[in-house]
Amino acid sequence: MRILGIESSCDDTSAALVEWTNAGQAILSQKTASQIDIHKKYGGVVPEIAGRKHAEAIIPVLEEVLSGQKKPDAIAVTSGPGLIAGLLVGVEVAKTLSALWDIPIVSVNHIDGHVHSVELGQTSHIEFPAIALVVSGGHTELLLAHTHNCYTLIGKTQDDAAGEAFDKVAKLLGLEYPGGPKISQFAKTGNPNKIPFPRPMIHDEGFDLSFSGLKTAALYWLRDHTLSAGRILSIGLPSGVTGIQAEEPTIHDFCASFEQAIVDVLVLKTMRAVEAHKPNIVILAGGVAANIKLRQTLGALVQTQNAELRTPLIPYCMDNAGMIATAGYYKAEQKTYTPWRELTADPNWRVYDAAKTRYTQ
Ligand code: KG4
Ligand code: ZN
C-alpha cells in the first residue's frame, strides 16, 4: 500500500509518499518546506502568516514528492489539532486529490502522527499497550496507547507546552526561534545544578504537568542576576592556586539548569505512568524528543522497569508528513476512511477523545 501523507498543522508544509510491502516500509519521497526563517523574526509562529505560506508552498511541495511516482492508494492528511488556516490548506488539497484521483482519505490526528514517527525509517513496530510522551511546541501529553490510533489521556500540561517553555526562555536570552535546540546546545557544557529552578507539580500525585511557573522563575532569575561569560577570577586566590572559576553562572549553566528542570519533570511523570501501567514500550515523540538529555535520562530509567524506549530518528521528531502517512497506514489497513465530502479541519481534535471518533467507515 502506498500512502501520500500531508501535514500543514503548524509551520511546516510537508508531503511524503510512503510504501508498505511485505519487505517493510519505504519512504519513496518526502519534502518539507519550513517557515522557521519567516516566524523567527517574530519569536514564534504567527498563524495568519503561517496559513498564507502553507497555501503558497503546498503545490510545489506536492509536485516534488509526486514527480515520477505512481498514483498513491490513499491520502493521509492531518485534520487536527493545529492552526486552522494551515489545517484547511492540507485538508482542502487532500479533498481535491481524493476527488480527482478517486482514492480514499484517512483523517489523521497530528499527535497520532507524532506517536507513529517512531516507526518512520525504522524496522521495529510499536507494541501495545504503550505509554507515549508527546512533547512539542504546542503539546505535552502523556498517553496510554491501547492500539494504533486509540488512546487514553493520562496527563497533560495545565499551561505551556514543554517546547513552548524552551522557546519562550530562549527568547528571554535573545536566542532565535525555535529555542529548544539552542538551549540544549548551550546546556552541553553547563552545570545543571548551578541554578535551583523549580520542578513544578512534582509533588502532585497525578500525571499532569506545568511549565509556566518554571518559565516565570527563569524570567525573574534573569531580571535579578547577570550571566557571566565564565571568566576566571585572579584576585584573592590562596597561595599555590593559579585560577578559580567565577561563581556567577554562565549562559551554559543557565541553559543546563533550565533544561535539567524540564527533563526532571517530564521524566518523573512519565516514569510514574510506567509504574502505574507497566507497558513494554515507552514512546517519546514530538519536537522536544530531539533533546538528547531527555532521551538519555528517560531511556536509562525505562530500562530499569524492563521496558524499552522508542524514539524517532532525529529528523522525524519535528513535524513531517511521513509520520502522518504512517499513522494513516494503520487506519487505511482497517479501511477507516473519511469520504472527502465529510472531511473537515478540526483545530481542537483531541487524540484521546473517543467520542469524536474519526474512524468513520
Ligand atoms: O513537533 P514540533 O516540530 O512542532 C510542534 O508540533 O510544536 O516541535 C517543535 C518544538 C519547538 O518548541 C522546539 O524548540 C522544540 O520542539 N525542540 C527542542 C529541541 N529540538 C526541538 N526542545 C528541546 N531540545 C531540543 N533539542
Ligand atoms: Zn508537532
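Just so you know, ligand 1 is whichever comes first in the structure, and atom 1 is the first atom listed for that ligand. Being a predicted model, the structure only gives us computed values, none of them experimental.
- The shortest N/O to N/O separation between Asp12 and ligand 1 does not fall below 3.5 Å.
- Residues His116 and Tyr329 place their aromatic rings such that the two centres sit no closer than 6.0 Å.
- If you run side chain to side chain contact (heavy atoms under 4.5 Å, CB included) between Met271 and each of Thr297, Val302, Ile131, only Val302 comes through.
- Here's the thing with Gly286: none of its N/O atoms is less than 3.5 angstrom from an N/O atom of ligand 1.
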For the pair Arg310 and Glu127, evaluate salt bridge (Lys or Arg N to Asp or Glu O under 4.0 Å) and give the outcome as yes or no after the intermediate values. CA-CA 10 Å; Arg310 296 274 172 85; Glu127 293 137 48; 3.1 Å; yes
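- Taking atom 9 (C) of ligand 1 as the reference point, the nearest protein heavy-atom neighbour is Gly137 N, 3.9 Å.
- An N or O contact shorter than 3.5 Å is missing between Phe166 and ligand 1 by distance.
- Contacts with ligand 1 closer than 4.0 Å are made by side-chain heavy atoms of Ser184 only, the backbone lying farther away.
- Atom numbering of ligand 1 starts at 1 in the shown order; those under 4.0 Å from a heavy atom of Met318 are 3 (O), 20 (N), 21 (C).
- Centred on the Zn ion (ligand 2), the NE2 atom of His114 and the NE2 atom of His110 lie at an angle of 90°, reported to 10°.
- The closest protein non-hydrogen atom to atom 22 (N) of ligand 1 is Gly180 CA, 3.4 Å.
- For atom 12 (O) of ligand 1, the nearest non-hydrogen atom from the set Ile292, Asp167, Asp319 comes from Asp167.
- The distance between the ring centers of His39 and Tyr177 does not fall below 6.0 angstrom.
- At a threshold of 2.8 Å, the Zn ion (ligand 2) has no backbone or side-chain N, O or S atom of His139 nearer than that distance.
- Put simply, no part of Glu259 is less than 4.0 Å from ligand 1, judged by heavy atoms.
- For Cys10, the heavy-atom gap to ligand 1 stays at 4.0 angstrom or more.
- Note on ligand 1: His139 sits outside its first shell, no heavy atom being nearer than 4.0 Å.
- The minimum distance between the Zn ion (ligand 2) and any N, O or S atom of Asp319 involves atom OD1.
- By the 3.5 Å distance cut-off applied to N or O atoms, Asn291 is counted among the residues near ligand 1.
- With atom 5 (C) of ligand 1 as the reference point, the heavy atom nearest to it among Ala170, Pro312, Ala165, Ser136 is part of Ser136.
- In this structure, CD on Gln296 lies 12.0 Å from CG on Leu301, to the nearest 0.5 angstrom.
- Aromatic ring pairs are classed by plane angle as parallel below 30°, tilted from 30° to 60° and perpendicular above 60°; the pair Phe207 and His277 is tilted.
- Considering only non-hydrogen protein atoms, atom 17 (N) of ligand 1 sits nearest to Gly287 O, 3.6 Å.
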